[in-house]
> 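Below: one structure in structure tokens.
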Amino acid sequence: QVQLVESGGGLAQAGGSLRLSCAASGRTFSSYNMAWFRQAPGKERAFVAVISWSGRSTDYADSVNGRFTISRDNAKNTVYLQMNSLKPEDTAVYYCAADQYGDSSRNEYRYEYWGQGTQVTVSS
């Protein structure tokens, strides 16, 4: 069982930066692939980024590639999402998710555990 708590959301101006954190409970955090998804108003939840359990593999949605960076610190049971060059279209609720099985995936249905989400709002 893993519990996930996101933090770091808030209001930013276009071109600015925010760093999201996701703290996980449990002693097996290092065995989970960790991902970030987001859901904008009126839209379905969408994949943002994923990092493998080892941290050696990452993958990004095209819309954030080159602007966002996912990382993890297994000693702190925490995964991060550094968001730079923010755009108004990045406005959404951001969720972190954990998947214990298989290769890291963009498919939200692979993820067994989810946080409650943190709001990110980017003004133009």
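All heavy atoms count here, side chains included; hydrogens, waters and symmetry mates do not.
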> Looking at Arg38, Glu89, Lys87, which hits side chain to side chain contact (heavy atoms under 4.5 Å, CB included) with Ser63?
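Exactly one candidate clears the test, Arg38.
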> Hey, quick one: are Phe47 and Val64 part of the same hydrophobic cluster, counting side-chain heavy atoms closer than 4.5 Å, chains of contacts allowed?
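In one cluster: no.
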> Whether Arg19 engages the ring of Tyr80 as a cation-pi pair (distance to the six-membered ring centre under 6.0 angstrom, angle to the ring normal within 45°) should be assessed.
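The answer is yes, since Arg19 meets both limits relative to Tyr80.
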> Linking I/L/V/M/F/W/Y whenever any side-chain heavy atoms sit under 4.5 Å apart, do Val93 and Phe37 land together?
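Looking at the clustering, Phe37 is in the same group as Val93.
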> Does the Thr91 side chain pair with the main chain of Val122, one donor and one acceptor, at a distance under 3.5 Å?
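It does hold such a pair.
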> Evaluate the criterion side chain to side chain contact (heavy atoms under 4.5 Å, CB included) for residue pair Tyr111 and Leu4; output intermediate values, then yes/no.
CA-CA 12 Å; Tyr111 290 84; Leu4 305 173; over 6 Å; no
> Answer yes or no: are there more than 12 heavy-atom neighbours, outside Gln100 itself, under 6.0 Å from its atom CD?
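Atom CD in Gln100 is crowded, with more than 12 foreign heavy atoms closer than 6.0 Å.
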> For residues Trp36 and Phe68: do they belong to one hydrophobic cluster (side chain heavy atoms under 4.5 Å, members Ile, Leu, Val, Met, Phe, Trp, Tyr)?
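Yes, one cluster joins them.
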> Treat each ILVMFWY residue as a node, draw an edge where side-chain heavy atoms are under 4.5 Å apart, and state whether Ile51 and Leu20 are in one component.
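Yes, one cluster joins them.
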> With a 3.5 Å distance limit and no angle check, can you tell me whether Ser104 reaches the backbone of Ser52 through a side-chain donor-acceptor pair?
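No; zero donor-acceptor contacts below 3.5 Å.
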> Please, which pairs that meet side-chain hydrogen bond (donor to acceptor under 3.5 Å, both in side chains) have at least one residue in residues 113-123, sequence neighbours excluded?
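For residues 113-123, and leaving out neighbouring residues, the side-chain hydrogen bond (donor to acceptor under 3.5 Å, both in side chains) pairs sorted by first residue read Gln119-Thr121.
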> Kindly give the heavy-atom pair with the smallest separation between Val120 and Gly9, and that separation in Å.
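Heavy atoms only, the tightest pair is CG2-CA, 4.1 Å.
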> Output, in order, the C-alpha distance, side-chain angles, deciding distance and verdict of side-chain hydrogen bond (donor to acceptor under 3.5 Å, both in side chains) for Thr78 and Asp73.
CA-CA 5 Å; Thr78 302; Asp73 185 338; over 6 Å; no
> Just do the side chain to side chain contact (heavy atoms under 4.5 Å, CB included) check on Ile70 and Tyr60 with the steps written out, would you?
CA-CA 9 Å; Ile70 189 170; Tyr60 297 91; 3.4 Å; yes
> Is Arg106 reaching over with its side chain to a backbone N or O of Asp59, donor-acceptor style, under 3.5 angstrom?
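Checked: no pair found.
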> Does the Asn33 side chain pair with the main chain of Trp53, one donor and one acceptor, at a distance under 3.5 Å?
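Yes, the answer is positive, given that a donor and an acceptor are paired below the 3.5 Å cut-off.
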> Where the side chain of Ser105 meets the backbone of Arg110, is there a donor-acceptor pair that is under 3.5 Å apart?
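Not at all, since once roles are kept as given, no pair shorter than 3.5 Å links the two residues.
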> Please answer: with hydrophobic residues joined when any side-chain heavy atoms are less than 4.5 Å apart, are Leu18 and Val79 in the same cluster?
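Both belong to a single hydrophobic cluster.
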> For Ser85, give me all partners under side-chain contact (heavy atoms from CB on, under 4.5 Å), at least two apart in sequence or on another chain.
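For Ser85, the residues satisfying side-chain contact (heavy atoms from CB on, under 4.5 Å) (neighbours in sequence not counted) are Arg67.
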> Report the C-alpha separation of Lys76 and Phe29 in whole Å, then their side-chain angles, then the decisive distance to 0.1 Å, and conclude whether the side chain to side chain contact (heavy atoms under 4.5 Å, CB included) test is met.
CA-CA 9 Å; Lys76 295 183 178 180; Phe29 173 77; over 6 Å; no
> Compare all side-chain heavy atoms of Glu6 with those of Tyr94 and state whether any distance is below 4.5 angstrom.
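No - every pair of side-chain heavy atoms lies 4.5 Å or more apart.
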> Let's go through Asp90 and Met83 carefully: what are the C-alpha distance in whole Å and the side-chain angles of both, what is the deciding distance for side chain to side chain contact (heavy atoms under 4.5 Å, CB included) to 0.1 Å, and is it a yes or a no?
CA-CA 9 Å; Asp90 294 320; Met83 305 187 295; over 6 Å; no
> Can a side-chain donor-acceptor contact be found between Ser17 and Asn84 if the only test is distance below 3.5 angstrom?
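Side-chain D/A pair, Asn84 to Ser17: present.
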> From Ser30 OG over to Asn77 CG, what is the distance, rounded to the nearest 0.5 angstrom?
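Rounded to the nearest 0.5 Å, the OG-CG separation comes out at 7.5 Å.
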